Every structure is written in structure tokens, then in C-alpha cells.
2 protein chains.
Amino acid sequence: MAPIRVGILGLSDAKTFFGPGAWAKYAHLPSIIALSGDYEVVAIANSTVESARRSIAANDLPATTKAYGSAEDLASDPDVDLIVVSVRVQKHYELTKPALLHKKDVYVEWPLGATLAESEELTRLAKENGVRTIVGVQARADRVVLKLKEILASGEVGDVMSSTVTASTGVLSSDAWMEGLEYYVDFSSGGNEYHIFFAHFLDSFVSVLGDFDDVHGILKSFNKTTAIFNNKGELIDPAYPRTTPDHILVQGTLNSGAVASIIFRKPKAAVDNVGFRWIITGTKGEIEVTTKETQWQMADPSFKLRVKVGKEPEAREVDYTDDGDARLSGLEAIALNTARSYAAFVEKDESRYATFESATKTQRLLNRIAESAGWK
Amino acid sequence: MAPIRVGILGLSDAKTFFGPGAWAKYAHLPSIIALSGDYEVVAIANSTVESARRSIAANDLPATTKAYGSAEDLASDPDVDLIVVSVRVQKHYELTKPALLHKKDVYVEWPLGATLAESEELTRLAKENGVRTIVGVQARADRVVLKLKEILASGEVGDVMSSTVTASTGVLSSDAWMEGLEYYVDFSSGGNEYHIFFAHFLDSFVSVLGDFDDVHGILKSFNKTTAIFNNKGELIDPAYPRTTPDHILVQGTLNSGAVASIIFRKPKAAVDNVGFRWIITGTKGEIEVTTKETQWQMADPSFKLRVKVGKEPEAREVDYTDDGDARLSGLEAIALNTARSYAAFVEKDESRYATFESATKTQRLLNRIAESAGWK
């Protein structure tokens, strides 16, 4: 099969890790290059053709790569099969729509839409136009997440009775934030700590254990403002409003009948140096995932997976590292799950990547939790 | 000051650790003996005078110790100052009432009454008769609990934003239970895993962090029956109804404004070998208590207390072991907190022991949680 011809919307020519276009540069592009038998970058679209050209040069893409100055122009190219939308969430809807109307397959970064309504509308359009979709909640392809599913399916720990998550968001400062990324502290942006950091984990949680039947949330903010600094380290605003909650407590019953609790707290730093502690309690045994303080979706090598069956004195550490895909071995951890999701998309294995439809379910759950907590 | 003259209701002459009268034998009696300058056992009351005499002999009490066959007779003795009620909770109300009416001070084991109504009535009677009271939620005198209060009061970790507890009740089997102690698996008894095991921790939690403003509970049982064995190991009943919940999820906001989550789950054994993991997150730092799988109130030496201030790379372990009371050094861990509560009672330091009134507050909270969960 010929490689899937990819056009990327939002590939930076900058060298900085944070800021517009960086995620496409550090996650999408290396993934596509690693899977070069299956994918090929054929076009870049930025806000201007010049910017797209700079990006092509800066990223050492072939001179034949086409440069576009709009989403519409890229979507109109008959030689593009898949369009990657990797820009801030506020622009997802506007930039994805042309691709769908031109019947292109699309890979949109998470969150799909800035609001549930946008995501639902995009999902409807994708269906109507018969295109294949993928959304960047890439931890669905994470090896630990897949291993959890495997262990549960094996029956080794019996039926799930409960699951308890204690997480720290200490890696994301509540005191200081970066100019240009203010949306990340702004709840109404739809692309903030709640809708991104928390959501990536929540998506994995329900992907492993199923959705919530009843759910009750408490959202609370103790850090109501943050200082904003520019990239020279200069203070831009001493008290920018911080409207995303810094404490997230979720409690409920899953469709399976198991009970669940997910707590995200914001210490200066976690007392136990653990970022995520996810316990799954079965009738026969118990599973635990622990990580250092990090972002869930980043395939951090600190992830530890342990299983204890019955009354064994010590839990057994489970190896989850084998990818079975040698092409990914050279990738940085940060790109790894994105690459795995691209691989799953080729294989049409929806157990390892999210579609518009299945990603929107997670956004719906985020809304239910926020609504139950009365957070707006 | 002359020692407080103690009469004990429910001191076993048996050698077994479980069963009627054992707690008085292994916790109360050694405590009173250790504090012999402050307390002196002068009378024992059991269901018959003969049984009381056997207990006096079996426990090597002086021959002058009086033997009574009823709570009324003990309560009528003018040479008794304090009556200890250490029997199963179903009899607390009936056996405590005579002591109050005869204006004796009383030490009643936890839970005070089998129902909130009983506890409230006993509290009213105690007030009316002007007696001093103490209830056996003895972890209020636990060194770790007191150290937590001390750290919080020092301001070292700032204001409390949240607290998260993940506990395992794996030490209490859900498959097999002991004949004669069926009340411990029976929710309506008022003296079961919820009202005892969970309650001892809950009492410490609110004693350190204050009461709940809003609270929401989920109680769930996956083990709806248990086998009952007699003390010869013979199966008495293969499927005795187990109506106490094996999963307890509590989420809410404290009066202080901090948010809180307490999860008790029942694995076969905790995957991380941790019985209680209690994290308190402050604006400046974080505290963690961890224990092996045990009962909270038992002063288990496995308790570990750690504090991390700011972004220190590692938490600092805090020593909490110094009692400052050499008289307690020979006691078994199991009796230690009971002894400390006796010592606090002499010093009239209500920050280290529970009165009828303050213990009843915890029972009220237990009821609120169960009601919010719709558990009866």
C-alpha cells in the first residue's frame, strides 16, 4: 500500500519546546518520519505560505513538500489523504471543518473542539463525509494502558471492584505561567489543565475501566491568580486570573458496577514523588501503576506496573516495555504514544486510538464532572 | 491525689484474644496497671458474681477486688469513681445508664451507643448527672495524630488545601469470620467494620482536620456473605449475610474549606503493602502518613510520617515516637493508645481523648455518610 499522504496544519519553524507549532514538531513529525513506510509528509499549511515554507526548511522536509497559507487550500489538495490539525484548541473547529468537507481523513489534537458542541458538530460532519478520524488522546496506545487491559482481560485479578487514583499536578506551577499559553489556566478556553492534563488521564481511565454511570465531582481552586512571564523571564502580569481548578475530586460508580475515585491535587511537589498512583482492586488481586511527577500521556519511562494476586507478600513488577514495533525505537518518549496512535490508525485498531466519536465521549464526561461540581 | 478507683464491666477470664472481655483484658487492664499512681482497679462486674470472681483470679487482681454480677450493683458501690464499659456495643446503653444515674465517671468503649439515638441519650444523661466521660476512640491520643496537629499548627506546610486517604481493609477477611463476632459483619449492629474499623480512622481524620461541611458517600458491598467458623476452625455457616460495606468512598468539603477524599477498599491484600496512606496537602508543603495493613487505632510501630516543604527533592521522615511518659514504655502497642487516653483523662486534656459529646459527633458523621450513600 502506498504511504498515507499527510498535510500538517501548525508545524512550527521555531526551536522552542513550548508555544505554537511545537507539538507538531516534537510529536507528530518524528512519528510520521519513523513510520515512513506508512506515512509521508507532502504538505504544510500555516497562517501564511511564507511561514509554511520556513517550516518546511527548518524541519528539513523535502523541497517537493507543498506550502499552503490556509486550511482551505490544504484541504483542497487532491494529493493529500490525511490532515493533521495540531494548533491550539480554539482553532480546531475552524481549521478541521474544511478538511472534513473535502473528505480528508483527519488527525486532530486533543481536545477535539473547544466546546462539546464543537466536538459533536465535527463528529457529525466526519460521519456525514465518511472520513476516518483520530484524536490525540494518545495514551490509548500507551503500553501501560494496553497492559492494564490485557491483565484485566486475563482474569488474573478477578472482577474489578474498585479503582482509586491519587495524582499530583505539582509539575504544573500554579504561581508562574508562560505568556502566549494563558489559555492553559483559563477554564473557558477548553484547553487548560482540566481539559488537557486531567483529561488525558481520565480518557485512559475510562478506556481501561469503562465509563461512569453515576459521577460526582468537586472542583476547587486555591490559586486564583498566577504570574505571567514572557520567554525572557520578564514579569508580564503579576495576577492573571487562574480559572482552571487546581483540585479535582471525582467519585462515582462505573457502568461495570465498580466504584471509583480520582483525585488530582496540587502540592508544591508530591510528598512521595509520585505523580500518578492508580490502583485497580479486583476480587482476586490488585494492580498498581505509579509514575514520577509527569504528564500521563507522555510515555514517561518512570511508569511502574505492579500486580499482586491473593495474599502474595510482595507485588510482582510487570514488564510492559516491549513495543513489538522496531520502527519506534529511536523516538523520544514524548513522541512515542503519538507514533503508536499513528501505527494503530493504519491498522484500524480502535482499541489503540481515539476517533472523534470516542474522544467526544471523554469530553462529555469532563462536562458532566464539571457540571456536577457547579464549575463554569 | 488518691488514685481513681476503677470498676470494670466486661473483663474476661479467658486467654483468647478475640471474644467477649478480651479488649478489657488486653487494652484497659494493662493501661490501668501501667498508670497505677493515677488509677486502681477496685471492682469487676460480669454477668454473674462467679464470672467476676474468675476474672479477678485469672487476671491476678488483688483478693480485695470486689466482684459484682450486674452493672447496677457495680454502679451502686460508693467506693468506685470510674466505671469502664468494655463489652459489645449492643449492651453499652443498658450497662452505662446505671453508672450515669449513680453519678460515676465512665469510660465507654467505641462506639458509644449502638445507634446515634442511644449515644445522644447517654450524652444527655452524662451532662444531667455532671459526670466526666471518655470514649474509646483512643487514636485521639496517638502520637502520629498529635504530631500531625502539631505540624499543621506550626504553619510549616501552610494552609490545608486538601487531604486524600487511600486505605485497605485487607486485614479483615471478607470470606471467613469468627462465630460469636457476627455483629462485626452486620451493619445494623452498629459495631461492625464500618462503625469500628472505618470509624476509628474517620475520628482521627476530623480530629486533625475538622468536620465535613458537605459530604457525599458511596458504600458498596461485593462480598455479600461470609463463611462463619467456630474457634475449633469448624465451618458453622457457609453464607452468613455480610451487610457492612466493603468499599467506602467519602468525598466532601471540610469546614475549613479544604477538600477531602477518604477511600477504604477491600483487596485480598494491598498491592503496595500499605494499609493507610493519608496525604495532607498544604499551600507550602505536604504531609504523608503510611502504615502497613493494620487497624488505625492500634499504635502500630509501622506508622511512617513524612513531610515535604516546597520543592524539596525528598520528604523528611518525622520522628513521633517520644511519649514523654515513661510509665507506658512496657505496654504492648495494642494497649498504648488506650493507656494514653487514660493519661489524658487524668490531665483533663480533651484534645487527646474523646468525651461522649465529641465522640457522638463522629457517630453523627458516620450516619451522614451512610445516609448520603443510601445505605441502611
Side-chain angles (χ1 to χ4, degrees), chain A residues 157-168 170 174 214 216-223 246-253 257-273 277 279-288 290 306-315, chain B residues 157-168 170 174 214 216-223 246-253 257-273 277 279-288 290 306-315:
Chain A
V157 299
D159 296 327
V160 176
M161 298 189 288
S162 69
S163 189
T164 307
V165 178
T166 312
S168 162
S174 56
D214 290 328
H216 185 253
I218 295 178
L219 306 186
K220 180 117 187 180
S221 197
F222 293 91
N223 302 277
D246 52 38
H247 278 72
I248 303 167
L249 289 75
V250 179
Q251 178 176 287
T253 305
V259 291
S261 162
I262 306 175
I263 310 298
F264 276 50
R265 71 195 195 283
K266 191 176 277 301
K268 292 292 177 210
V271 63
D272 53 1
N273 293 341
R277 185 186 302 279
I279 294 174
I280 300 174
T281 306
T283 48
K284 293 183 190 167
E286 200 163 55
I287 313 173
E288 182 193 51
T290 52
R306 300 195 296 170
V307 174
K308 182 188 272 197
V309 174
K311 289 195 171 289
E312 289 172 357
E314 292 296 332
Chain B
V157 298
D159 296 327
V160 175
M161 297 189 288
S162 69
S163 189
T164 307
V165 178
T166 312
S168 162
S174 55
D214 289 328
H216 185 253
I218 295 179
L219 306 186
K220 180 117 185 180
S221 197
F222 293 91
N223 302 278
D246 51 38
H247 278 72
I248 303 167
L249 289 76
V250 179
Q251 178 176 287
T253 305
V259 291
S261 163
I262 306 174
I263 310 298
F264 276 50
R265 71 194 196 283
K266 190 176 278 301
K268 292 291 177 210
V271 64
D272 54 1
N273 293 342
R277 184 186 302 280
I279 294 174
I280 300 174
T281 306
T283 48
K284 294 183 188 166
E286 200 163 56
I287 314 173
E288 182 193 51
T290 52
R306 300 195 296 170
V307 175
K308 182 188 273 197
V309 174
K311 289 195 172 289
E312 289 172 356
E314 292 296 332

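Keep in mind that this is a model prediction, so the values were computed, not measured. Throughout, protein chains are lettered first and strands after them, A, B, ... in sequence-line order, and every chain is numbered starting at 1.
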About how many Å separate [atom2] of [Y] and [atom1] of [X], when rounded to the nearest 0.5 Å?
X        : Y        : atom1 : atom2 : value
A/Met161 : B/His247 : CE    : NE2   : 4.5 Å
B/Asp272 : A/Ile279 : CG    : CD1   : 5.0 Å
A/Ile262 : B/Ser261 : CD1   : OG    : 11.0 Å

So which part of [X] gets closer than 4.5 Å to some heavy atom of chain A, the side chain, the backbone, both or neither?
X        : result
B/Thr166 : side chain
B/Val250 : backbone
B/Ser168 : neither

Name the option with the most non-hydrogen atom pairs under 4.5 Å to chain B; the candidates are [options].
options                                : answer
A/Lys266, A/Arg277, A/Lys284           : A/Arg277
A/Glu312, A/Lys220, A/His216, A/Gln251 : A/Gln251
A/Asp214, A/Leu249, A/Thr281, A/Ile287 : A/Leu249

Check: Within a radius of less than 6.0 Å around NZ of B/Lys311, do more than 12 heavy atoms belonging to other residues, nucleotides or ligands occur?
Finding: yes

Counting heavy-atom pairs closer than 4.5 Å to chain A, which one of [options] comes out on top?
options                      : value
B/Gly257, B/Ala258, B/Gly285 : B/Gly257
B/Glu314, B/Lys268, B/Arg306 : B/Lys268
B/Gly170, B/Gly252, B/Ala270 : B/Ala270

Note to self: Please find the pair of heavy atoms, one from B/Glu286 and one from A/Val271, that lie closest to each other, and give the distance.
What the structure shows: OE1-N, 2.7 Å

Next item on the list: Indicate the atoms forming the closest heavy-atom contact of A/Ala269 with B/Lys308, along with that distance.
Entry: O-CD, 3.8 Å

Note to self: Is A/Ile263 in contact with chain B via its backbone, its side chain, both, or neither, using a 4.5 Å heavy-atom distance?
What the structure shows: side chain

Next item on the list: Using non-hydrogen atoms and a 4.5 Å limit, figure out which bit of A/Ser174 sits close to chain B: side chain, backbone, both or neither.
Entry: neither

